Amino acid sequence: MLAFFRRLTQSRGGVIITFLVLGVIAIAFAAGDVTGIGSLGGSIAANDVAKVGKAEVTESEVKSRVQTELEGYRQQQPTLDMATYVAQGGFEGTMERIVSSLALEQFARNQGMVISKRAVDGQIASIPALQGPTGKFDPNLYRQVLAERKLTDVQIRGDIVRDTLAQLLILPTNGATQMPAQLALPYASLLLEKRAGTIGFIPTSVVPAGPAPSDADLATFYKRNVARYTVPERRIVRYAVVTPDMVKARAVPTDAEIAQRYQQDRAKYAATEKRTITQVVVSDQAGAAAIAAKAKGGASLSDAARAAGLEASVQTGVDKAAYAGATSTTLADTMFAAAKGAVVGPVRGPLGWTVAKVDSVDQVAARSLDQVRAEIAAALATQKSAAALSDIHDKIDDALAKNATFDEIATDQKLQAQTTAPLAANGANPDDATAQPDPKMAPLVAAAFQASEGDAPQMVQTGPDGSFAVVGLGRIVAAAPRPLAQVRDAVLRDVSADRSRQAARKVANDVLARINKGMPLPQSLLATGLKLPPPQTLTPTRAQISANPQGAPPALALMFAMAQGTAKTLAAPDNSGWFVIKLDRIDRGDASRTPAAINATRGNIGRGLGREYSEQFAKAVRADVGVKTDAAAIARVKAELLSGGSSNN
């Protein structure tokens, strides 16, 4: 997550989002697991959802923060919509962060802690996305970003102060990671624990589903599971692409331009001499003279340098100007005056004494204008094309700054405006099952999903050749379930699968009942009369399942949560059936004679110990400051967000 926020701060659109969710970085580890906000009661003012000490949390503040955090998470997960965010606990998480952040701020102020205006200025000025061409903070750019995100300077500064105070309070507590060895011993012993058990499996596929469902059955199932048949939020994207082909006619260089460029670069096309030179640089003249003597006596310069503990380098195909730039004018004059095969030196250079050998001399003939015309024309065409694209880009940028609409920009610049069908965040059209998302449209769709209705169009780079697109949000199509008539076949399949799963569950419960009466698990499976896979006997250790980077299989995880001699059922992944698990034996572990296991456990638990302290500290702060919430107001805000009634949309 930290890497995500670092990337976010590099973009103008993400910098303010970063400010508003700094609390996620600073105190989410403490506040994220603190539950029970809704259980607190009290007198709350109208249009407020909570009161934290003397601070009031308004409905509009909660809506704004939820929308902002959702936009921030969309940078990582473009398909995330409000319904999913709320269903996965995002709303409650936002409320927790708001309340805990306010509580920590008030507690800090009560202790006399302050954050100076200069410190806040420094944090704002240090954001790379707010720095202008000179590398310094650009106030105009800052105001522009605030306007784009519909935020104020006061709001940003307040959030920075609040989150900085929270960090100052929480981070020292989070650093407490010491765990006593005696306390770690029972946890280390758990890793050495071994269990023996038997697992049976009742696949859904072998259990009859029963009679065909009626229309009433389908309607009931559809209503109960309407989320399965809901089309996610879609957006209609309006865009106009600007490519080098559109300015091709303006990018053709004239004969006069080609001739002028040839004259400017005449030295580049003049006759020249290029040499390949092997050389070694020695710090003292005597050492250089010894190497030169060996080279002039017939030894290779590389071998002579290596014998002295040095390594020769080779300059391949360099002209005099390039060689002089890398060494010195005096050294270049000497090397380019020597004949092929000559050993030169020692010659004093900028880094010491140089000994060199001229390995080859190549004469490069001059090239006429006709010979290089195509080369110059191609280079000029590329430059003129880039300049033309840049000119269009600047004109559109100026128009956007003056609040021009998408249609006005397309008309003024004679661009071909296009409109997509309602697309999901991944670029797919849910109404066309045969169509595949166009990868070229991905950045345009992503831009549309980051925009709100009423936002100005934006320019999006579409290719390394300078191509870009003007992208506007046409319309937001809210998530909605498809009518039952359209998804009847899918509902029928789902009802049949659900009935098979329920039938398999009944079989599993019957197997479990017989086991609890004393029948061994294998015999109880045979009593079903179904063709079931044979049961498996397993003897894993807790350390083995803990070491699995993908997590322990659900059946094994349950085995390590059961009491010896008991049996349980468990649904298999993907509704594929039911497990019946019988735990036969537990062999306790003893790590008292394994210091390495104890030390490893101390380290593992210690990494989470600071979090525990931070959580307890945050709870204590909230209790000290006092938190009151209005459950009805919270439910109302959540309902308005799900219905799209936020004022921030």
Side-chain angles (χ1 to χ4, degrees), residues 5 15-38 40 42-45 47-69 72 91-124 126-127 146 149 151-175 610-611 613-630 633-634 637:
F5 283 107
V15 61
I16 300 302
I17 295 176
T18 305
F19 282 142
L20 293 183
V21 292
L22 271 174
V24 177
I25 302 174
I27 62 171
F29 52 81
D33 293 335
V34 180
T35 57
I37 281 183
L40 300 174
S43 176
I44 306 295
N47 298 322
D48 288 347
V49 296
K51 187 173 183 180
V52 183
K54 298 179 180 179
E56 297 174 344
V57 182
T58 65
E59 294 184 7
S60 61
E61 179 183 355
V62 174
K63 292 177 185 178
S64 175
R65 184 63 66 94
V66 170
Q67 290 283 358
T68 302
E69 290 197 12
F91 178 85
E92 287 75 13
T94 300
M95 278 294 301
E96 293 290 344
R97 286 187 282 276
I98 293 173
V99 170
S100 292
S101 180
L102 286 171
L104 288 166
E105 179 194 21
Q106 292 189 55
F107 180 82
R109 293 190 184 280
N110 291 340
Q111 308 309 310
M113 298 174 63
V114 294
I115 304 299
S116 68
K117 179 180 181 299
R118 185 173 182 179
V120 176
D121 290 342
Q123 289 201 40
I124 295 176
S126 65
I127 298 297
L146 289 178
R149 303 311 308 172
L151 298 169
T152 66
D153 178 65
V154 172
Q155 182 181 2
I156 296 305
R157 290 179 178 276
D159 284 334
I160 293 176
V161 168
R162 185 178 303 120
D163 293 326
T164 302
L165 290 171
Q167 291 183 57
L168 294 174
L169 288 171
I170 290 295
L171 292 182
T173 307
N174 191 55
R611 176 191 176 97
Y613 288 142
S614 297
E615 290 175 1
Q616 295 304 317
F617 178 73
K619 287 181 179 179
V621 166
R622 288 167 52 154
D624 180 76
V625 171
V627 177
K628 298 178 181 179
T629 61
D630 186 335
I634 291 175
V637 172

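What you see is a predicted model; the values in this text were computed from it and never measured.
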If you apply the rule salt bridge (Lys or Arg N to Asp or Glu O under 4.0 Å), what do you find for Arg162 with Asp159, and how did you get there? CA-CA 5 Å; Arg162 185 178 303 120; Asp159 284 334; 2.8 Å; yes
As a quick check of understanding, evaluate salt bridge (Lys or Arg N to Asp or Glu O under 4.0 Å) for Lys628 and Asp48, giving each step before the final call. CA-CA 10 Å; Lys628 298 178 181 179; Asp48 288 347; over 6 Å; no
Lys117 side chain near Arg157 side chain, heavy-atom distance below 4.5 Å: yes
Quick one, Gln123 and Thr164 - any side-chain contact, counting heavy atoms below 4.5 Å? yes
Under 4.5 Å between any side-chain heavy atoms of Arg622 and Glu96, yes or no? yes
Tell me, with the steps shown, if Glu105 and Arg109 meet salt bridge (Lys or Arg N to Asp or Glu O under 4.0 Å). CA-CA 6 Å; Glu105 179 194 21; Arg109 293 190 184 280; 3.4 Å; yes
List the atom of Asp153, the atom of Leu146, and the distance in Å for their closest heavy-atom pair. N-CD1, 3.8 Å
Taking every heavy atom of Phe91 against every heavy atom of Ile634, the minimum-distance pair comes out as CE2-CG2, 3.4 Å
Is there a donor-acceptor contact under 3.5 Å from the side chain of Ser64 to the main chain of Ser60? no
For Ala119, what residues pass the side chain to side chain contact (heavy atoms under 4.5 Å, CB included) criterion, not counting sequence neighbours? Ile115, Ser116
Hey, does the side chain of Asp624 reach the backbone of Ala620 with a donor-acceptor pair shorter than 3.5 angstrom? no
Got a donor-acceptor contact below 3.5 angstrom from the Glu59 side chain to the Ala633 backbone? no
Between Glu69 and Arg97, is there a side-chain heavy-atom distance shorter than 4.5 Å? yes
Can you measure from CE (Met113) to CG (Leu168) and round to the nearest 0.5 angstrom? 4.5 Å
If you look at every heavy atom in Asp163 and Ser101, which pair is closest and at what distance? OD1-OG, 3.6 Å
Is the shortest heavy-atom distance from the side chain of Leu104 to the side chain of Leu165 under 4.5 Å? no
Less than 4.5 Å apart, any side-chain heavy atom of Lys63 and any of Thr58? no
